[in-house]
Amino acid sequence: MPGAIRVENVSKLYRRADRRRRGGSLKSALLSRPAEGEGRRDEFVPALTEVSFGVEAGETVGVIGANGSGKSTLLKLLAGIVRPTSGRVSVDGRLAALLELGAGFHPEISGRENVEVAGLLLGLSKKEVASRLPSIVRFAGVEDFLDAPVKTYSSGMAVRLGFAVAAHSDPDVLLVDEVLAVGDEAFAHRCLEKFSEFERSGKTLLFVSHDLPLVAARCRRAIWLERGRIAADAPAAEAVARYRERVAAEEARTRFASPASGGSGPGIGSGRARLEGVRLLDAAGREARRLRSGEPASVELSVEAADALSDFVFGVGIATVAGVAVLGVNTEADGLVPETLSGRGRVVLEIPSMDLAPGVYSLDAAVHAAGGAPYDYRRDVLRFEVTADRRGLGVWSPGRRWRAEGGVRWKT
Amino acid sequence: MLEPIARAARQHVLIAALTRRELAARYRGGALGFLWSLANPLLLLAVYAVVFRYVFTPRAEIRPYALFLFGGVLVWGFVSASLSDASETFRQNGPLLRKTTVAPEVFPSVAVGARLVHLLLALLVLGVATVWASATGSVRPSAAAFAFPLVLLLLVATVFGLALAVSALAVRFADVRDVVGNLLTLAFFATPVLYPANAVPERFRPLLRLNPFAAFFNAVHDSVFFFRAVDPSDWLAMAVAAAASLAVGGALFERWRDTIAEEA
């Protein structure tokens with residue numbers, strides 16, 4: 001069926017660029033024996049490793065992942081610009097690849113002539129280009145400049161023209177690499193409209209983007225690549241969520257590498273009582289940065305008060321790294337009435353079952369007066385990761401089971 | 001072996017468009033546009049005419065020598081410029097190659113195509129100059145000139161095969177460009193461009209036979225300067241050169257084709 005894509009066990013190795021040229025002179029190829037010359041050994045870097053997936057005709061699939069994760073290589077393989085080192089790639093139907101807007105535009109010649117070449121490059125015939133020219137020009141909004149050399153165009157105009165040609169090339173499969181990032185708002189909207197039109201007419205669209213909300217909103221499905229492997233191939237919202245968690249976890253790891261137990265940073269508040277330390281403890285009572293969802297955990301606050309206080313409240317807050325509040329509790333709200341706080345002490349919040357969804361969370365801890373005036377308020381005092389075998393969206397992952405009655409049955 | 005040639009043939013519309021673009025880009029902005037591509041051969045012809053009339057005296061059998069030289073130099077210019085363009089084409093068209101699904105065969109084809117257009121324009125000048133010379137009685141055109149298009153066709157095929165090889169090799173080996181440049185300079189003097197083959201001492205002539213271009217330039221001079229039939233041995237040599245060049249060039253190109261987009 002035109003529009004279907006099949007990628008089977010594809011790996012791609014690139015020769016290292018620095019080796020390429022060094023070993024790459026005709027003279028050395030003719031003169032040196034393979035054993036000599038250290039530059040002769042080819043070194044390869046994997047760009048993609050054992051990637052397999054299929055796309056049905058009419059699907060819109062986002063491809064996400066960090067820079068260097070293999071997204072562009074994947075599109076180039078699909079476009080047939082590079083060959084897989086192993087594995088098979090097949091694309092049914094006519095394919096248009098938009099890997100760089102305005103790729104191949106020649107600055108010295110007119111927009112009209114460039115459109116013709118670009119159209120031919122995308123597989124249109126001369127007649128087709130000619131008949132679509134008015135609509136291409138209208139879409140790009142370059143009516144008045146059509147016969148001016150492209151070097152006189154603003155970069156936005158050139159980009160719009162490049163997209164317009166590709167969008168009018170009427171492919172069964174359109175591959176798009178990060179194009180929306182370059183245009184202005186109005187252009188981005190027009191592109192998105194075109195994408196929708198595409199979807200409605202049953203065409204396949206594969207697009208690489210760093211715009212995660214866009215991917216989550218526009219794609220049914222997304223493929224997350226990490227270091228050349230598929231880390232997730234899931235409904236877009238889920239793939240995006242998991243990718244974000246990973247990014248946050250990476251950040252947390254680098255950011256929280258130094259303070260072993262929290263509370264080292266300065267807090268906000270009068271300092272009449274001070275949080276000496278904030279520790280997160282796992283089920284076994286050991287300090288932990290990684291918890292398993294559904295197991296017990298506790299938060300331990302070490303406090304010291306210079307003078308005896310009779311007005312104090314301890315509070316703990318948990319939020320996702322994106323800032324969504326998950327938990328906010330304090331001793332006052334939970335009905336504990338303060339009597340005295342003097343010298344050193346310790347307060348422990350025990351949570352019998354940490355039912356958070358997998359992800360990275362940030363913890364706030366505070367000691368403050370009943371009215372809210374802080375003695376010591378530590379925001380983002382530590383970060384921790386929650387892991388789970390089960391996946392799911394959101395922040396809550398309670399123990400659960402599914403029941404079914406009647407004609408519904410699962411495989412066991 | 002011949003797949004690259006078949007692919008190039010299928011892409012002829014794109015090749016034509018890119019060739020036109022290449023030429024348009026080169027002359028765009030100049031007030032005289034395409035006339036510039038005529039100005040250079042005209043100037044060359046004028047210089048030859050003056051130098052070989054008043055400074056050097058050429059042998060009697062190759063007069064007017066300016067016309068003899070002009071035809072040879074134009075055709076050699078096509079060979080030389082095509083191959084040196086082919087050696088750079090993938091580097092120059094890197095973005096197009098890496099970012100679009102264009103077949104790589106297109107680029108050496110455009111390199112040769114653009115130079116061929118230049119040659120055809122310059123041949124107009126040669127044609128006019130020849131008619132002029134025949135009016136003054138210094139050359140006597142004959143039907144032998146009708147062999148020229150076929151000579152040119154075989155030459156284009158030979159150059160195209162070599163261009164395929166050179167372009168693919170240049171991606172793989174960085175020094176191909178320099179090697180090609182030097183070989184072309186050498187070949188210019190080792191080929192009967194400036195002189196007729198029979199001006200070469202008898203004992204060196206077998207050596208000249210080893211040069212695949214020798215037959216082409218014998219044939220060029222025979223058909224459009226001396227206006228005599230092209231020697232059958234030259235026809236044979238040209239046909240063999242064209243076939244061998246296409247076969248070897250096609251095979252080399254095919255072998256490296258898949259990595260061109262990655263490494264150019």
Side-chain angles (χ1 to χ4, degrees), chain A residues 12-15 17 20-30 47 72-73 75-76 78-85 91 94-110 113-114 116-127 129 149-151 162 166 171 175 177, chain B residues 7 10-30 33 87 91-104 106-107 110 114 165-166 168-183 252 256-264:
Chain A
K12 178 68 193 173
L13 299 171
Y14 281 120
R15 270 207 298 161
R20 245 184 248 161
R21 291 291 175 215
R22 200 186 304 166
S25 90
L26 192 58
K27 203 176 87 192
S28 67
L30 292 174
S72 296
T73 300
L75 291 198
K76 283 185 185 178
L78 290 172
I81 296 172
V82 300
R83 295 285 171 90
T85 310
V91 176
R94 188 145 99 173
L95 175 142
L98 205 55
L99 303 188
E100 190 179 279
L101 284 178
F105 275 7
H106 197 299
E108 297 289 338
I109 68 170
S110 71
E113 287 161 298
N114 270 309
E116 188 190 338
V117 171
L120 291 171
L121 281 170
L122 286 162
L124 293 176
S125 73
K126 268 175 103 164
K127 265 195 203 123
V129 177
V150 165
K151 69 177 174 188
L175 308 176
D177 194 353
Chain B
R7 271 190 224 103
R10 276 199 297 280
Q11 296 288 332
H12 67 275
V13 178
L14 177 61
I15 292 170
L18 282 170
T19 304
R20 215 173 316 119
R21 189 177 83 163
E22 176 87 23
L23 296 169
R26 192 167 304 170
Y27 297 112
R28 186 64 47 96
S87 72
R91 208 155 306 175
Q92 276 175 4
N93 290 293
L96 208 54
L97 200 61
R98 283 189 296 269
K99 299 288 185 181
T100 67
T101 54
V102 61
V106 162
F107 297 106
V110 170
V166 163
L169 281 168
V171 170
R172 195 64 206 233
F173 303 109
D175 49 3
V176 163
R177 252 173 42 201
D178 306 319
V179 172
V180 167
N182 283 307
L183 282 179
L252 274 177
W256 279 309
R257 183 176 193 271
D258 288 351
T259 55
I260 286 174
E262 286 168 35
E263 308 203 344

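Note on naming: letters A, B, ... go to the chains in the order of the sequence lines (proteins, then strands), and numbering restarts at 1 for each one.
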Q. So with a 6.0 Å cut-off around CZ of A/Arg94, is the heavy-atom count from everything else above 12?
A. yes
Q: For B/Thr259 and B/Glu262, test the side chains for any donor-to-acceptor distance below 3.5 angstrom and give the result as yes or no.
A: no
Q.
Shorter than 4.5 Å, heavy atoms on both sides: which option in B/Thr101, B/Val13, B/Asn93 has the most such pairs with chain A?
A.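 Among B/Thr101, B/Val13, B/Asn93, the one with the most close pairs to chain A is B/Thr101.
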Q: Could you tell me whether the side chain of A/Asp177 reaches within less than 4.5 Å of the side chain of A/Leu98, counting heavy atoms only?
A: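 No. Closest side-chain heavy atoms not under 4.5 Å.
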Q | Segment of B/Arg257 engaging chain A (4.5 angstrom heavy-atom cut-off) | A | side chain
Q. Measuring heavy-atom distances to chain B, does A/Lys12 have an atom under 4.5 Å in its side chain, in its backbone, in both, or in neither?
A. side chain
Q) For A/Leu95, is it the side chain, the backbone, both or neither that has a heavy atom under 4.5 Å from a heavy atom of chain B? A) side chain
Q) Do any N or O atoms from the side chain of A/Asn114 and from the backbone of A/Val150 form a donor-acceptor pair under 3.5 angstrom? A) no
Q: Test B/Phe107 against B/Leu97 for side-chain contact (heavy atoms from CB on, under 4.5 Å), laying out the working first.
A: CA-CA 9 Å; B/Phe107 297 106; B/Leu97 200 61; 3.3 Å; yes
Q: Select, from A/Val117, A/Ile81, A/Leu75, the one with the greatest count of heavy-atom pairs under 4.5 Å involving chain B.
A: A/Ile81
